[in-house]
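Heads up: the structure comes next, in structure tokens.
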Amino acid sequence: MNNMPDLRLRMVERQIESRGVRSKLVLDAMRKVPREAFLPEHLQEFAYEDTPLPISDGQTISQPYIVALMVEALALEGGERVLEIGAGSGYAAAVLAEIAGEVYTVERIGQLAEKAASRLADLGYGNVFVLHGDGTQGWLEHAPYDAIVVAAGGPQVPESLKTQLRVGGRLLIPVGIDPRAQELVRVTRTGEDEYRTEDIADVRFVPLVGAEGWAPEREIPEALQPRRRRPDSADAELVKAIAGSADSFESIDTANLDSWLDRIGGSRIVLMGEATHGTSEFYRMRDRLTRELIVKHGFSFVAVEADWPDAARIDHYIRHFEYPPSEWTAFARFPTWMWRNAEVRAFVDWLRTHNADFELEKRVGFHGLDLYSLYNSIRSVLKYLDEVDPASAKVARERYGCLTPWQGDPATYGRAALTGAYRTCEEEVARMLMDIIQKRTDYAQHDGERFLDAVQNARLVANAEQYYRIMYYGSRASWNLRDDHMFETLKTLLAFYGSESKGIVWAHNSHIGDAEATEMSSRGEHNIGHLCRREFGEASYSIGFGTNSGTVAAASDWDGPLEIKIVQPAIPRSYERLCHEAETPSFLLELRDQPASAVVEGLSDPRLERAIGVIYRPDTELASHYFQAILPRQFDAYIWFDHTNAVAPFDTLELQGLPDTYPFGV
Ligand code: SAH
């Protein structure tokens with residue numbers, strides 16, 4: 001991107017000079033530092049937008065104007081010793097280093113500190129020194145400083161920083177108790193014990209977290225911290241209790257689970273989890289349980305962690321519908337192996353055969369709860385309207401046209417909307433959904449099934465638009481939005497199948513276990529398991545799954561190729577390690593129905609639990625895949641396979657030669 005220097009000059013002129021920054025030193029520094037070098041690659045093209053941008057770990061690189069404003073307010077003349085708190089990307093430190101003699105910068109997030117240090121070194125800033133630590137206490141070793149600048153907002157001015165100023169030195173810091181707005185203040189040390197404070201501007205910064213700042217938000221809540229250090233002997237007792245109360249079974253096909261299934265068969269919702277997205281045993285066991293619940297307990301549909309329009313193809317196939325085959329391949333997006341695998345195919349074929357014996361109303365459906373299929377859902381809505389209401393189809397094409405430029409990679413839409421480089425399409429997609437819902441009576445008389453499909457796709461577009469837009473702000477809001485969408489879809493299905501209907505959900509443990517019983521809750525995240533419990537109480541039953549070792553289908557990076565990876569044995573003291581030590585290759589452990597038992601009591605002490613998603617990184621296993629949880633509160637039952645195998649993904653070639661209607665598409 002060789003137009004960067006021009007963009008940079010224009011940025012200084014339009015965003016900084018025009019707003020009144022006059023210091024030649026500051027303007028020159030801003031003209032020199034390549035902001036793009038401090039951004040993740042996919043955001044570099046926005047380097048000179050008038051906005052802060054996300055870096056990683058929920059942090060941001062400051063807006064260029066704010067950096068200039070703050071540096072100017074420090075009134076540097078050149079050659080000073082400066083302390084910065086909150087190195088972040090290192091960008092502001094580089095700007096300071098263009099002017100000051102030495103810049104000391106402190107960052108509390110280790111990864112950011114490391115990256116900033118190496119980036120600054122690569123760019124040749126030999127006068128910047130980075131420390132990983134809590135900057136609210138300053139960096140005493142190099143004090144006093146001529147100037148201190150804090151790039152995060154605290155509740156008050158930290159005393160330590162004031163005392164590390166040289167007499168005559170200036171400290172600039174955003175303060176205030178409202179996390180959404182702070183006052184940028186300048187504190188000048190006018191004497192040994194004298195300070196003068198002035199207000200400079202209204203600003204908004206990420207929180208200053210530390211001893212003299214805010215408490216860390218992601219601290220593990222008290223309730224999830226191990227109550228006491230359990231002696232090894234207590235764990236050994238617990239392992240015995242697990243072995244004693246678990247129902248061991250030899251194989252998935254022959255396990256006798258009748259009495260348990262009779263007990264859970266009356267539930268309105270049975271949620272079945274998985275500890276990875278690529279383990280054969282988890283799919284096959286869910287298949288087995290689902291068949292029994294359908295045949296013996298009259299469950300009406302299966303809803304899975306897959307996109308609605310893709311699952312709809314499977315649904316048409318298994319319920320023997322006559323719709324023309326769709327134009328796209330089902331489950332073609334990453335991670336394809338989650339649904340394009342031999343295990344799912346076996347289940348789908350069974351369901352089709354099962355349904356053949358029943359009239360349409362009694363056939364069991366298969367649906368998708370997820371919301372990544374923005375464009376396939378748009379296509380589905382348009383196709384539907386073309387048939388039932390061509391005039392509305394025209395309006396829909398115009399409205400959805402708003403999202404067309406981002407078809408190749410919807411995540412870029414979020415980016416553009418975030419920087420203000422593109423208006424959002426929120427209103428258009430919401431209006432489209434409302435229109436379709438309002439015409440319910442008109443449309444549904446054509447065909448209720450197809451109306452459901454159209455509404456669901458329109459709802460998916462509306463939620464996905466929001467999802468992709470906020471994905472860039474960080475994980476919590478987008479996680480909740482996704483699980484809210486799943487729950488909303490589940491309730492729509494229950495209503496559609498009637499007041500007596502019963503549903504089965506297949507999704508990762510992290511969605512179906514109650515988030516209240518895991519670290520997720522401390523991040524403000526909830527999930528479908530939690531929402532089901534809240535809404536259906538005892539009529540919702542969740543089953544967690546776990547494994548110790550074996551192989552798993554997963555990628556190393558998002559959008560990366562499928563690999564069959566070795567699952568590392570579980571770490572000491574984790575839930576998985578306890579189950580492994582029970583030396584029972586596969587078992588079912590009931591948790592809900594025996595609240596006072598030794599095993600449930602022992603397991604109720606919080607511990608680490610493992611989650612492997614579509615990405616598996618064994619080299620950072622502990623940090624990437626373990627989280628704190630209380631298993632018996634998370635699930636109503638737990639199914640264990642000590643040794644597991646990767647799913648058998650099929651590629652497109654294997655599907656050639658199959659009939660055209662085959663649901664996965666060729
Ligand atoms: N100057 C940065 C802006 C970083 S945002 C840039 O130009 O990119 C603020 C940074 O302050 C975040 O990276 C955050 O992790 C860090 N931070 C918050 N509290 C801190 C503390 N007590 N000590 C050091 N850094 C802190």
Side-chain angles (χ1 to χ4, degrees), residues 11 16 26 29-30 32-40 43-44 46-49 51-71 73-74 82-100 103-120 123 125 128-140 145 147-161 164 171-176 179 182 184 203-219 473-474:
M11 176 276 284
I16 298 179
V26 175
M30 297 296 297
K32 257 177 109 172
V33 181
R35 189 166 183 252
E36 69 276 19
F38 295 85
L39 284 167
L43 291 180
Q44 285 176 0
F46 302 110
Y48 296 104
E49 299 286 352
T51 177
L53 288 167
I55 40 180
S56 64
D57 298 276
Q59 305 303 321
T60 52
I61 180 172
S62 309
Q63 179 189 3
Y65 166 65
I66 292 293
V67 173
L69 175 79
M70 290 177 86
V71 179
L74 291 175
V82 178
L83 173 67
E84 182 196 29
I85 308 305
S89 67
Y91 173 66
V95 173
L96 289 165
E98 292 286 346
I99 303 169
V103 178
Y104 296 90
T105 181
V106 187
E107 170 56 53
R108 73 175 266 275
I109 298 175
Q111 252 188 11
L112 289 178
E114 237 174 76
K115 252 200 256 168
S118 67
R119 200 178 268 147
L120 287 160
L123 290 168
Y125 289 103
V128 183
F129 308 91
V130 183
L131 174 71
H132 171 211
D134 174 9
T136 60
Q137 316 216 285
W139 189 346
L140 194 56
Y145 299 95
I148 301 179
V149 58
V150 184
Q156 75 267 318
V157 183
E159 276 308 310
S160 307
L161 295 183
Q164 289 178 28
L171 160 63
L172 213 64
I173 177 172
V175 284
Q182 301 101 25
L184 183 62
V203 288
R204 178 178 176 170
F205 276 83
V206 297
L208 178 70
V209 177
E212 294 180 57
W214 298 106
E217 197 190 348
R218 291 190 51 179
E219 210 172 28
Y473 287 110

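Just so you know, these numbers come straight off a predicted model, no measurement behind them. Remember, it's 1-based here, ligands and their atoms both numbered in the order they're listed.
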Please report whether ligand 1 has a polar contact with [X], defined as an N or O pair separated by less than 3.5 Å (distance criterion only).
X      : value
Val209 : yes
Leu208 : no
Val206 : no

Report the member of [options] with the shortest heavy-atom distance to [atom].
atom                   : options              : answer
atom 4 (C) of ligand 1 : Val67, Ile61, Thr60  : Thr60
atom 2 (C) of ligand 1 : Ala87, Ala116, Gly58 : Ala87
atom 8 (O) of ligand 1 : Ser89, Gly88, Gly86  : Ser89

[atom]: nearest protein contact (heavy atom, Å):
atom                    : result
atom 7 (O) of ligand 1  : Ala92 N, 3.1 Å
atom 23 (N) of ligand 1 : Gly135 N, 2.7 Å
atom 16 (C) of ligand 1 : Glu107 OE1, 3.3 Å
atom 24 (C) of ligand 1 : Arg108 N, 3.3 Å

Quick one: does [X] get within less than 4.0 Å of ligand 1, heavy atoms only?
X      : answer
Glu84  : yes
Pro207 : yes
Gly213 : no

Side-chain donor/acceptor of Asp134 to backbone N/O of Thr136, under 3.5 Å: yes
If you measure from each non-hydrogen atom of Gln59 to ligand 1, which part falls under 4.0 Å: side chain, backbone, both or neither?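 Only the side chain of Gln59 comes within reach of ligand 1.
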